[in-house]
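Notes follow once the structure below has been shown.
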Amino acid sequence: MRRTVWALVRASWLTATSYRLQTVMTVLTLWVTVVPVYFLATALQPTMAAAIQDEGRSYFPFMLTGVIAISLVSVCVTAVPSAVQSGIGSGFLESLLATRAPRSALVVGLGAYPIAWGVLRAVLMLAAGVALGARWHLAGIPLAAAIAVLVVVVHWAIGLVAAAMIVAWRTAGPLTTAVVVASTLLGGAYYPTQVIPSWIQRLSAIVPLQYGLRAFRQVLFGGANLADVSGDVGALLAFAVAFTAIGYGALLLSLQYARRRGSLSHF
Amino acid sequence: MDTLPMRDLLVVEGVTKSFVKRRSWSEVVRRPFHAEHVAALREVSVSVREGEFFGLLGANGAGKTTLMKVIATLMLPDAGRVSVDGADAVRDPVAVRGSVALSLASERGLYWRLNARENLRVFAVLSGVPDGEVSTRIEEALGAVGLADTGLRMVSEFSSGMVQRLLIARALLARPRVLLLDEPTRSLDPITARDFRAFLRRELTNRGCAVLLATHNADEAFDLCDRVAVLERGRVLATGRAHDLVAAIHGRRFAVETTPEGEGFLLGLVGRGLVLAVARRDLPGAPPPGGWTRVVVSVAGEDIAAAGASLVAALVGAGHAVASCAPEGTSLADLIQAVVANADAGVRT
C-alpha cells in the first residue's frame, strides 16, 4: 500500500515539476492571493470583529483561513474525480487496474499528490499570513493540524463518490460544484455561520466544512483546547467515517459495474 | 508440438460477452428502460500452454481485444470461465492480475512527461516487483525492447514505435506467466519487429510464459505462433497451426518453375498419389524468360518438406528441369477470408 501510494505521488510530482515555469508561478500566486486578503480584511475588521469573538477577533486570519479552506476543499473534492476522468480518457485507469496493486492503494494514490500539494500551499499561505501579522496559538498547532486532516479526509471521500459517478456514468453531475458552493456560502469561510438567517443556518448543519473551520479557528486563533471543540471535531469525525465508507464502497461498486458493462476505457 | 509442455496456463471456456448498444435520443425517450445488446464474444474457448505462442486472427471488431480484457480482469464475462495458472478470473481477480500482463496496441497509459525508466519504476512497484530488483528488471526490460539508451528523454518525445516498445517493456517487468499482446509489432520498423519476435520467442519460451497475441502480421501468425484461432464477430471459427489451416483450405501447395513438358508431366500425375492438383499460375504480362512455366501444385502428405522433396525428385527423375520449388505462401487476409467463407458455407475448417 505505502509503496504504491508513494510511487504514484512521486510520478505525479515529477510530472508536475516537469512544467518548471508553472511550478514557480504556482508559488508566486500564493503571495498574490494573500496580500489582497490582508488589505480587504483590514478594511472589514471594524465591521466583523464582534461576530468573530470566539475565533480570535482578528478578521485577517479568519478570512485567510476561509480562503485557504475553500481552496483545499476544492482540491480535495476534485482530486480523485479528475484523475479518474483523465485516466478513463487516456486508458491510464485500465493500465493501473490491470496491475496487482490493491484498489485501496490506487484510490489513495490517485488523489494523494494534488491533495498533498494543496496542503503544502495551505501551509505556505498560513506562513505568509504570519508574515503579514496574523497571530497563532502555537500550542494549538497539533490539534489544528488534526482538524485539517479530518477536513481533507471528508472532502477526499466526497470526491470518491464523484469519482464513482464518473466511472459509472461519465459525469459527477453537480456534486463537486455543489460541495464547493455550499462550503463557500454556508461553511463559514468568509463570515461566521451565526450571522446568516436562522433557516439557512439549519442547512449549514450538513456542511462539514463549518465544523472544521470553526474548530480550527477556535484552536489556532482563540486558544481553545480539544474539550472546547469536541462537538465540532466529533461531527467532523463522523462525517469522515461515513463518507469514506460510502465513497470507497461506491467506487468499488462502480468499478464492478464498469467491468460488467465493459466501459472502463470508454469516454 | 511434441516439445511443448502440456500444462495449460490459460484456459478460456465458453466465454460470452455482450455490450449495451448505444441508442438514439428518440429511442431513449420512447423506451427509457429498454436495452439492446451486441455480442462481442460468443462461447469462445481457447487454451494456451506453458511456453506456447497463441495467435488471435481476425478482422477489426472480431473480439480479440475484448477477449484480452476479459482475461486481464478488466471486463467480466457474461458467461463462461477464464482460468489463469489455476486462478479463476471472476472469483480471484487479484491472483490473475499477479500472473497476467497486458499490452494493448492503442494504449496511452503512460506518464508522458516522464522518461522511460521513471515510467517503468512506477509500474514495477504497482506490479509488485521487490524493491531490490526494480532497477535490474527495468534495465532488463528496456534492453529487451531496445530502449536502454533513451536517457532522460520524456516519453512524449518518443516515436510511436518507441512508445509501443515501452508498453511491451512495461508488460515484461513483472515476468508474467501469461502475456497478452495486442498487435505487438504494429508500430515497429521491420528490423526491430523481427528482432523483437526473436526476443519474444527466446525469452518467453525459456521462462515457460504463455503468450496470447492478437495480430494482423503474417510473420507472427505463421512463424511465431505455435497455434492460432480465427475469430469472426466474436466466434472462434478455426483453431490450429496457421500452416495447417492453410493446408486444410488450400492443400499443401508448392510454386514450381519448370519446363512446359514438366508441367505436362505434373498434370499427368494428378490424382495418382503425390499430386492432388496443378494450376497454371496467373501471370500478368509476358511469360518468364527462358521458357520456364510457373505452376502451383497441391500435394498430399503431412510432412511438407518430404512432399516437396518427392515432387522435385519425381520431376528430375523423369528428366524435367526444375528452376525453383518453394512452398506457396498464403496471405493472412486469404486465410481469414477462407475460414470465414467456410464457416458461412457451414464447413468446419
Side-chain angles (χ1 to χ4, degrees), chain A residues 1-20 22-23 83-84 86-110 112-113 167-170 252-253 255-267, chain B residues 17-20 22 35 37 40-41 65-66 68-78 89-90 93-104 106-115 118-119 121-131 134 152 154 156 167 170-171 173-174 176 180:
Chain A
M1 169 91 169
R2 184 184 55 79
R3 281 182 81 211
T4 299
V5 173
W6 175 242
L8 291 171
V9 169
R10 185 171 177 275
S12 298
W13 158 254
L14 291 173
T15 300
T17 52
S18 74
Y19 297 98
R20 291 172 184 171
Q22 191 186 59
T23 306
V84 165
S86 67
I88 289 172
S90 66
F92 192 63
L93 186 67
E94 270 197 340
S95 304
L96 295 179
L97 295 173
T99 68
R100 61 190 290 185
R103 295 289 187 263
S104 54
L106 294 178
V107 168
V108 174
L110 280 175
Y113 173 74
V167 170
W169 305 308
R170 298 294 173 268
L252 291 186
L253 282 175
L255 287 172
Q256 193 75 348
Y257 173 76
R259 284 175 68 208
R260 204 164 47 244
R261 284 180 61 97
S263 60
L264 265 178
S265 62
H266 297 179
F267 52 94
Chain B
K17 179 73 193 170
S18 60
F19 298 125
V20 176
R22 189 169 172 80
H37 291 83
L41 296 173
T65 305
T66 300
M68 289 192 168
K69 288 188 175 183
V70 168
I71 295 167
T73 76
L74 293 171
M75 287 184 194
L76 286 168
D78 298 336
V90 175
V94 177
V96 169
R97 281 180 215 125
S99 303
V100 169
L102 168 68
S103 171
L104 294 176
S106 56
E107 194 184 319
R108 291 171 289 153
L110 292 165
Y111 287 96
W112 295 92
R113 301 280 301 181
L114 303 190
N115 62 46
E118 291 293 358
N119 264 286
R121 188 166 294 281
V122 177
F123 281 94
V125 172
L126 267 55
S127 304
V129 175
D131 270 337
V134 169
L152 295 176
M154 289 193 293
S156 59
L167 288 168
R170 193 188 73 185
L173 268 179
L180 309 173

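Every chain is numbered from 1, with letters handed out A, B, ... down the list of sequences.
Taken from CD in E118(B) to CZ in R10(A), the straight-line distance is 4.0 Å, to the nearest 0.5 Å. Between the CG atom of L114(B) and the OG1 atom of T15(A) there is a distance of 4.0 Å, given to the nearest 0.5 Å. Here L76(B) contributes atom CG and Q256(A) contributes atom CD; the two are 5.0 Å apart, rounded to the nearest 0.5 Å.
Looking at heavy atoms from C-beta onward, Y111(B) lies out of side-chain contact with L14(A) at the 4.5 angstrom threshold. A heavy-atom distance below 4.5 Å is not found between the side chains of M75(B) and R261(A). R170(B) has its side chain within reach of S95(A): a pair of non-hydrogen atoms, C-beta onward, lies under 4.5 Å apart.
Contact annotation for V125(B): both backbone and side-chain heavy atoms come within less than 4.5 Å of a heavy atom of chain A. At a 4.5 Å heavy-atom cutoff, the contact between V134(B) and chain A is made by side-chain atoms alone. Contact annotation for L93(A): neither backbone nor side-chain heavy atoms come within less than 4.5 Å of a heavy atom of chain B. Contacts of L104(B) with chain A are made by side-chain atoms alone, with heavy-atom separations under 4.5 Å and no backbone atom involved. Contact annotation for D131(B): both backbone and side-chain heavy atoms come within less than 4.5 Å of a heavy atom of chain A. When heavy atoms are compared at a cutoff of 4.5 Å, L74(B) approaches chain A by way of both its backbone and its side chain.
With chain A as partner, the option from A95(B), S127(B), A124(B) having the largest number of non-hydrogen pairs under 4.5 angstrom is S127(B).
Salt bridge absent: D78(B) and R260(A) never bring a charged side-chain N and a carboxylate O closer than 4.0 Å.
For W13(A), the CH2 atom sits in a loose shell: 12 or fewer heavy atoms of surrounding residues, nucleotides or ligands are nearer than 6.0 Å.
Using modelled atom types, one side-chain atom of R259(A) and one backbone atom of T73(B) make a donor-acceptor pair closer than 3.5 Å.
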